[in-house]
Amino acid sequence: MASFFSFYTLFIFIGCLLLGAAYAWVLYASNKNLDKKTRNILVVVRTLAVATLASLLFAPLVRRITHTPEKPIIIIANDNSISVKAIQPAGFDAKKYQQDLKQLANKLSEKYEVKTYSFGDSVKQGFSFAGTDQISNGTALVSQLNDELLNRNVGAIIMASDGIFNRGGNPIYELNKIKAPVYTIAMGDTIPKRDVLVANVNYNNIVYLDNEFTLDVQVQAFESKGETVKLSVLENGKQVTQQALNIGSTSFVKDVQIKLKATKVGVHRYTVNVSEVKNEITTKNNSQTIFVEVIDGRQKVLLAAAGPHPDLATFKQAIELSKHYEVSTAIAEELETVDVSKYSLVILYQLPAINYSAASLINKLKQQKVATWYVLGAQTNLQSFNQIQTQLNFTRPNGSLQEVFPYYENNFTAYNLNADALKQLEGYDPLQVPFANLMIKGDYTAVLNQRIGKVNTQSPLLFFIEDNGKKNGYLIGEGIWKWKLEEAKNENAYPLVAELISKTVQYLSVKDDKRKFKVYTNKSTFEENENVVLNATLYNDAFEPVNASEVKVQIKNSDGKAYSYTFSKVGNAYQLDAGALPQGNYTYIASTSLGDKKHTASGAFHVSAVITEYQQTTANHQLLNTIAQQTQGKMYTPANLLNIVDDLEQSGQVKTITYEDRRYEEMINLKWIFALILVLLTTEWFFRKRNGEA
C-alpha cells in the first residue's frame with residue numbers, strides 16, 4: 001500500500017488544487033460586488049474546499065500508527081493436592097501462608113494484571129486451600145495457561161507446590177513454551193518421614209480360569225530400618241497369601257512377585273496390604289485394592305472320527321498350543337453320547353465314514369448350528385456326505401485317490417499366515433484326495449488351492465463357506481501329519497501346520513456378535529476421581545444403528561444402592577457420562593425398546609481408590625529450584641513469599657509491552673477532514689452573507 005505522501009498521491013492532490021482553483025475562478029472572476037481582498041479570501045477558501053472534496057473521490061490511503069500498552073500478567077497458582085495439605089513441615093503456619101498468598105496477589109494487582117489458579121486433578125480459577133485433590137498435575141496447569149494466554153504479556157508465574165507431580169510428567173518442558181520466569185514457593189517437607197507403603201501393583205486385569213497369574217508388588221519403606229512387616233493378599237476379604245519382609249535400609253525398595261491361581265469365574269477384589277510400623281506418618285498408602293476379572297475363555301473343540309488316524313494327533317497338538325482351547329477326542333460309538341452344545345467347533349474327520357455314519361452326531365450339529373470343520377479322505381462316504389450338507393457335491397466317485405499338493409491363495413484375507421513360511425508349502429508331501437468331480441454351491445473363501453503335478457488349479461483344498469450365519473470349513477484330503485513330519489526334519493522350519501490349524505480353529509469357532517442392543521464401558525476399571533462413561537448402540541432388523549428410542553440404565557453398587565440415568569443421543573448411538581463414583585464394584589442393566597420389541601443389556605465395571613498422593617510424601621524442592629533456575633526465576637519458602645513483590649520489580653523482567661498497530665485507511669474515514677470541509681464552507685458562507693451575496 002502507498003503512503004499518503006507518495007508521488008502518486010501528491011500528483012493527485014496538485015490536480016485537485018488546480019480543479020478547485022478553476023472552480024473558484026469561474027465562480028468569482030466576474031463578481032464585481034466584492035472588494036478584492038474579500039474576493040481573494042473566498043477564492044482561497046472555495047479552492048481548498050473543492051480540492052479536499054475532489055481528493056476524497058480518489059480515496060487515497062493514509063497510514064495510521066496507534067500504540068496500545070498491555071500490563072504484564074502475573075500468574076499465581078496454588079497446589080491444592082492432598083500431599084500439600086497432609087504433609088507439613090514443623091513450624092508451618094497454614095493460616096499465615098494463606099493470608100500471605102492472598103496479600104501477595106493484592107499487592108501485585110496494584111501494578112499488574114493478576115490471575116489466580118488452584119491446580120491438582122483439575123485446574124480452577126481462584127485460590128482453594130482445601131487440599132482435597134487426589135492427584136497433582138502441573139502439566140495440565142501449564143497447558144491451560146498456554147491455551148488461555150497465547151500471545152499475551154505474561155510477566156511471571158508464581159507456583160506454590162511441594163514438587164510432587166504424579167500426573168502429566170514434569171511441567172518444566174511445557175513451561176518453556178510460555179517464556180516467562182517462574183517463581184516457586186516450596187511447600188511440603190523434604191525430610192523423609194517414617195513410612196511403609198505399597199508403592200505399585202502391576203497385574204493383568206483379565207485372566208483365564210484355572211490359569212496362574214502374577215501380582216508384581218513394589219514395597220517401599222522410609223526411616224524404618226530393622227523393622228519386619230507382613231505383606232499379605234486378600235481375595236474378596238479373605239487372606240490367600242502372606243509373607244514377611246525385613247526392612248534392611250533407611251530407603252528400602254523391594255519387588256515381590258506373588259503367584260495366584262484363578263479358580264472361579266467372576267470379578268475378584270484383591271487387596272494387597274503391608275502391615276504398619278510404629279509412628280508411621282500415614283497408613284493410607286499401606287494397601288492397594290485391585291480388581292481382576294476371571295473368565296472362562298477356553299473354548300471346547302471336539303475331534304470326531306470313525307477310527308484312529310495320525311492326522312488326529314496333529315490336529316490335537318496344534319489346537320492345544322493355545323490355552324484358550326480344550327480339545328476332546330471321540331471315536332465311533334463314543335460319539336453317540338456327546339453333548340455338542342458344549343463345543344464351539346466340531347471337526348468331523350472323514351465322517352460320515354464308509355463303516356460308520358455318525359448320523360446321530362451330525363443331526364445334533366444341524367439342529368444346534370454348531371460350527372463344523374469337515375476333513376475328507378479315503379474313508380469318507382462321499383454319497384452320504386452329499387446328503388448331510390448342501391454346499392459341496394461330489395459326482396462320479398470311483399473309490400480311488402489322487403495326490404494333490406497345496407499352494408497358497410494370495411487373495412485370502414480372513415487371517416494372516418507367516419509370509420516367509422508359506423514358501424515351505426512347495427516342499428510338503430501331497431495329500432490323498434478322493435478322486436471325484438467337485439461342485440461348490442455359492443461363494444467360498446479359499447486358504448489353499450490344489451496343485452496337481454505342476455499345474456496350479458482353481459479347485460480349493462482348504463476353504464470356508466458360511467451357511468445361514470454358521471461358518472463351515474472344508475479340508476479335502478488326508479495326510480496332514482506328513483506336513484508336520486516334514487517340519488520336524490528341518491530344525492529351522494517354521495511351524496506352519498500348527499499355525500494353519502490353530503488359526504482355522506480360531507476363525508471357525510469365533511461367534512459373531514448379533515445382539516441388537518449393546519451397552520459397554522470403554523474400560524473395565526475406573527479411578528474414583530474419573531468420570532464413568534457408558535456407550536450404547538441399538539440396531540434395527542437390517543442391523544443399521546438407530547437412536548430414536550430412549551435408553552435408560554440403572555447402575556448398582558455392591559451394597560445395593562442404585563443410580564438411575566438416561567442416555568444422551570450422540571450421532572446414531574448413545575452415550576452416558578455418569579460422573580465420578582465412589583470406590584467399589586458396580587453392575588448395570590440398560591433397557592430400551594424398538595417397535596414392540598424390548599431389549600436389555602447388562603455389564604459390570606469397577607471403581608478403584610486413588611492413593612497416588614500418598615505414594616510419595618517427601619517434597620521435591622530440588623525440582624522446584626530447577627524450574628526456577630532454568631526460567632530465570634527464584635525459589636522461596638512460604639515464610640518469605642512476600643519478598644516476591646520487590647524481587648519482581650527489581651528484576652526488570654516484568655515490563656509493560658506496547659503494541660504498535662500500523663494500518664492504512666481511506667481519508668474519508670478521518671473525522672478532521674470532515675471538520676476541515678465544514679469550516680471552509682461555513683467560512684465562505686459567512687463572508688458571502690456578510691457582503692450581501694446569495
Side-chain angles (χ1 to χ4, degrees), residues 75-98 100-101 104 117-121 123 127-142 157-175 182-200 218 220-224 249-253 279-286 610-631 633-644:
I75 306 298
I76 305 179
N78 179 63
D79 190 339
N80 192 41
S81 61
I82 292 174
S83 61
V84 174
K85 180 78 172 181
I87 312 299
Q88 299 178 353
F92 177 74
D93 189 340
K95 289 186 178 179
K96 184 178 184 304
Y97 161 72
Q98 295 173 17
D100 286 351
L101 197 64
L104 174 66
Y117 295 87
S118 294
F119 69 96
D121 48 22
V123 182
F127 288 139
S128 175
F129 303 101
T132 55
D133 285 6
Q134 295 170 320
I135 60 173
S136 181
N137 192 338
T139 302
L141 167 69
V142 180
I157 298 174
I158 302 170
M159 179 188 294
S161 174
D162 57 6
I164 304 173
F165 302 113
N166 41 46
R167 283 289 191 281
N170 192 334
I172 193 169
Y173 305 109
E174 294 293 325
L175 280 167
V182 180
Y183 295 81
T184 56
I185 302 173
M187 307 294 291
D189 196 351
T190 57
I191 300 175
K193 299 295 190 295
R194 189 174 173 85
D195 193 18
V196 179
L197 65 145
V198 178
N200 190 37
Q218 185 181 90
Q220 295 181 6
F222 302 95
E223 305 300 320
S224 305
S249 60
T250 303
S251 296
F252 176 81
V253 179
N279 298 325
E280 191 172 352
I281 186 173
T282 180
T283 59
K284 291 185 178 180
N285 55 12
N286 285 48
V610 180
I611 60 170
T612 308
E613 282 293 302
Y614 296 103
Q615 298 300 93
Q616 182 181 347
T617 57
T618 304
N620 190 351
H621 289 178
Q622 182 177 356
L623 174 60
L624 296 176
N625 186 58
T626 300
I627 291 174
Q629 292 295 328
Q630 290 192 10
T631 58
K634 189 177 178 181
M635 188 176 77
Y636 300 81
T637 64
N640 63 2
L641 66 87
L642 290 176
N643 293 343
I644 297 176

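Not measured: the values here are computed from a predicted model.
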Can you tell me how far apart [atom1] ([X]) and [atom2] ([Y]) are? Round to the nearest 0.5 Å.
X	Y	atom1	atom2	result
F119	N137	CZ	CG	9.0 Å
H621	T190	NE2	OG1	6.0 Å
I87	F92	CD1	CZ	12.5 Å
I76	Y117	CD1	OH	11.5 Å

Contacts of type salt bridge (Lys or Arg N to Asp or Glu O under 4.0 Å), residue [X], not counting sequence neighbours:
X	value
D189	K193
E174	K177
K634	D647
K96	D100

ring-ring contact (aromatic ring centres under 6.0 Å, His included) with F127: which residues, sequence neighbours excluded? F129

Pairs meeting criterion salt bridge (charged side-chain N to carboxylate O under 4.0 Å, His left out) with involvement of residues 75-90, two or more places apart: none

With heavy-atom distances below 4.5 Å as the criterion, would you say the side chains of [X] and [Y] are in contact?
X	Y	result
N78	Y97	yes
P89	I191	no
L197	F222	yes
I185	I644	yes

Sequence neighbours excluded, the answer for side-chain contact (heavy atoms from CB on, under 4.5 Å) partners of S224 is R194, V196, A221, E227, I247, V277

Mind checking side-chain contact (heavy atoms from CB on, under 4.5 Å) for Q616 and listing every partner two or more places apart, or none if nothing turns up? I164

Would you mind telling me which of N166, T618, T617, D162 makes a side-chain hydrogen bond (donor to acceptor under 3.5 Å, both in side chains) with S83? D162

Can you name the side-chain hydrogen bond (donor to acceptor under 3.5 Å, both in side chains) partners of [X], sequence neighbours left out?
X	answer
N640	T637
N625	none
Q218	Q220, D255
N285	D195

Do S249 side-chain atoms and S251 backbone N/O form a donor-acceptor pair below 3.5 Å? yes

Side chain to side chain donor-acceptor pair (under 3.5 Å), that's the test. Do N643 and Y183 meet it? Break it down for me. CA-CA 11 Å; N643 293 343; Y183 295 81; over 6 Å; no

Within a 6.0 Å radius of atom CG on L642, are there more than 12 heavy atoms belonging to other residues, nucleotides or ligands? yes

